Amino acid sequence: MKKSPPAPPTVQRLTGKLPLHDLTASELQELGLIAKSQVRRYWFPKRLEASFQTHLRTVSRDASLLQIVLTVLLFATAPVWTTLALNSPTQILGTAHIIELGLMTPLFVFLGFVQWRYASEAWVEWMFLGAFLLEVVCIELLRYQSGNAGYPIEPELTLIVPITVMILAHPGLDRAALFIVAYFGILLVKSAYWPDPLRPRTTTEWLLEILLLGLALLSTSTTRLLLRRQWASNILMELSTLRDHLTGLPNRRALEEHYDLAVRALSRTSKRRMMFALIDLDHFKKINDLYGHQHGDGVLAEFAMTLADYSRRALDISARVGGEEFALLLFDCDMAHATSRLHALLKSVRDLAIEHEGNEPGVVTCSIGAVMVEPGTPLAEAYHAADELLYQIKSSGRNYFRIGEIQRT
């Protein structure tokens with residue numbers, strides 16, 4: 001039994017760094033189940049999960065940058081408002097200014113640059129969470145010194161940090177849980193070795209912080225679940241615009257996008273050539289006339305499954321470009337390999353032994369025009385050259401192929 005044809009290439013703007021090769025049947029099934037809310041999944045399969053996380057880090061960049069900017073403003077202006085509004089004791093002003101202007105302000109300015117420039121990278125999210133944990137340490141240090149100077153600072157000030165991180169940054173569920181555990185670890189160590197002399201946390205305040213951060217973690221997990229469903233739905237919707245619904249092959253739009261990617265990849269590597277072919281089913285109109293359109297659709301679907309077997313590598317693609325016309329692109333393919341593959345394809349189609357009384361061999365066959373493509377060759381040029389060779393084959397007897405070079409003037 002033949003395997004189902006692969007799904008079309010995915011779209012970078014939705015899938016982040018998902019590899020260019022097609023989604024597998026199991027991945028498509030997983031996306032469908034999550035999109036329809038038939039399962040509660042907090043993680044996709046490994047490849048999809050990495051792509052989803054990259055997508056979320058990218059779309060949440062602005063919110064993270066906003067939190068970083070607010071933090072920079074808070075610390076950069078702290079020497080003014082802590083003196084005027086809070087009437088901070090002079091004994092701790094020196095330490096406070098070193099922390100505010102010498103450590104935290106430059107740290108978050110640098111973090112803002114990193115977040116703006118490399119938002120999609122996983123290590124940036126870890127750096128982001130680590131910076132705010134350091135902020136917690138600094139606030140608790142200032143609370144301890146302020147208490148020793150006879151000026152108590154309410155512990156709720158520290159709680160603002162993890163709450164804003166959860167609300168604005170929406171870290172991943174595992175990262176959010178680790179962040180909260182680290183936050184309470186800092187508070188426990190500080191309470192054990194440097195207890196506040198004037199304003200220690202009460203049992204009620206400990207319970208309140210645990211409750212609030214537990215609710216924040218629950219909210220984060222629920223939000224992530226909804227975002228997963230939305231992302232899965234968007235991917236499936238985008239895939240539907242790139243797929244030919246009858247054959248399951250990529251359509252012309254998908255071919256155009258994939259060809260551009262393949263040509264760019266060709267120019268960046270030592271793989272200097274690829275093959276582009278146009279394929280027509282011979283006398284297909286007679287199939288519809290003799291056997292009916294429903295039978296003709298079945299022939300197209302059967303041929304598509306055969307053609308899909310010839311484009312299994314990451315930058316290969318087979319597509320239906322319209323009617324009974326199909327396209328095949330083989331990346332990293334020289335003339336000898338292309339000739340061998342086209343011979344094999346012709347034989348595979350004949351071996352299907354699909355009856356066709358309107359075709360001289362008595363079975364369905366195909367004709368192929370193919371060209372060797374070099375870096376920088378636009379699709380329109382490759383398409384035109386392959387179409388010319390296909391016309392020559394159809395004019396001279398069909399059921400064969402002709403392969404050539406693109407003649408450039």
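Since this is a predicted model, take the numbers as computed values, not measurements. Position 1 is the first residue of the sequence; numbering continues from there.
- When the options L342, D332, L329, D334 are evaluated for a side chain to side chain contact (heavy atoms under 4.5 Å, CB included) with M275, the one that passes is L342.
- The main-chain N or O of G322 is never found under 3.5 Å from a side-chain atom of R252 such that the two would form a donor-acceptor pair.
- When the options V349, L345, I393 are evaluated for a side chain to side chain contact (heavy atoms under 4.5 Å, CB included) with I368, the one that passes is L345.
- With hydrogens and angles disregarded, no donor-acceptor distance shorter than 3.5 Å links the side chain of R61 to the backbone of Q115.
- Counting only distance, with no hydrogens or angles, the side chain of S219 and the backbone of L215 share no donor-acceptor pair below 3.5 Å.
- For the pair S367 (side chain) and N399 (backbone), a donor-acceptor distance under 3.5 Å is present.
- Taking CG of L266 as the reference point, atom CG of L261 lies at 12.5 Å (rounded to 0.5 Å).
- T365 places no side-chain N or O within donor-acceptor distance of the main-chain N or O of R350, the cut-off being under 3.5 Å.
- The salt bridge (Lys or Arg N to Asp or Glu O under 4.0 Å) test with K394 singles out one residue from D387, D282, D280, and that residue is D280.
- Side chain of Y310 to backbone of L330: no donor-acceptor contact under 3.5 angstrom is found.
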**Report entry** Test salt bridge (Lys or Arg N to Asp or Glu O under 4.0 Å) applied to R57 and E121, step by step
**Finding:** CA-CA 8 Å; R57 286 191 293 268; E121 302 295 333; over 6 Å; no

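- In this structure, the side chain of T202 engages the main chain of E205 through a donor-acceptor pair within 3.5 Å.
- Residue I354 holds its CD1 atom at 7.0 Å from OG1 of T306, rounded to the nearest 0.5 Å.
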- For the pair E256 and R253, evaluate salt bridge (Lys or Arg N to Asp or Glu O under 4.0 Å) and give the outcome as yes or no after the intermediate values. CA-CA 5 Å; E256 292 170 353; R253 175 190 164 192; over 6 Å; no

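- Counting heavy-atom neighbours within 6.0 Å of H384 NE2, excluding the residue itself, gives a total of 12 or less.
- In this structure, L134 CG and L129 CG are separated by 13.0 Å, a value rounded to the nearest 0.5 Å.
- Of the possible polar contacts, none joining the S191 side chain to the L188 backbone as a donor-acceptor pair under 3.5 Å is found.
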| Should V364 and F303 be marked as a side chain to side chain contact (heavy atoms under 4.5 Å, CB included) after you check the CA-CA gap, both sets of side-chain angles, and the distance that decides it? | CA-CA 9 Å; V364 170; F303 172 78; 6.0 Å; no

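- The two atoms that bring L290 and G358 nearest to each other are CD1-N, 3.6 Å, heavy atoms only.
- Within the 6.0 Å centre-distance limit, the rings of F128 and F132 are counted as a close aromatic pair.
- One N or O on the side chain of D316 and one on the backbone of F331 form a donor-acceptor pair closer than 3.5 Å.
- Annotation: E154, atom CD; neighbour count of heavy atoms from other residues, nucleotides and ligands within 6.0 Å is above 12.
- Note on ring orientation: taking the six-membered ring where Trp is involved, the planes of Y259 and F276 are perpendicular (angle over 60°, cut-offs 30° and 60°).
- Taking both residues in full, the closest heavy atoms of R175 and A122 are given as NH2-CB, 4.2 Å, listed atom of the first, atom of the second, then distance.
- Taking the six-membered ring where the residue is Trp, the centroids of H356 and F284 are separated by 6.0 Å or more.
- There is no side-chain donor-acceptor pair under 3.5 Å between E388 and Q392.
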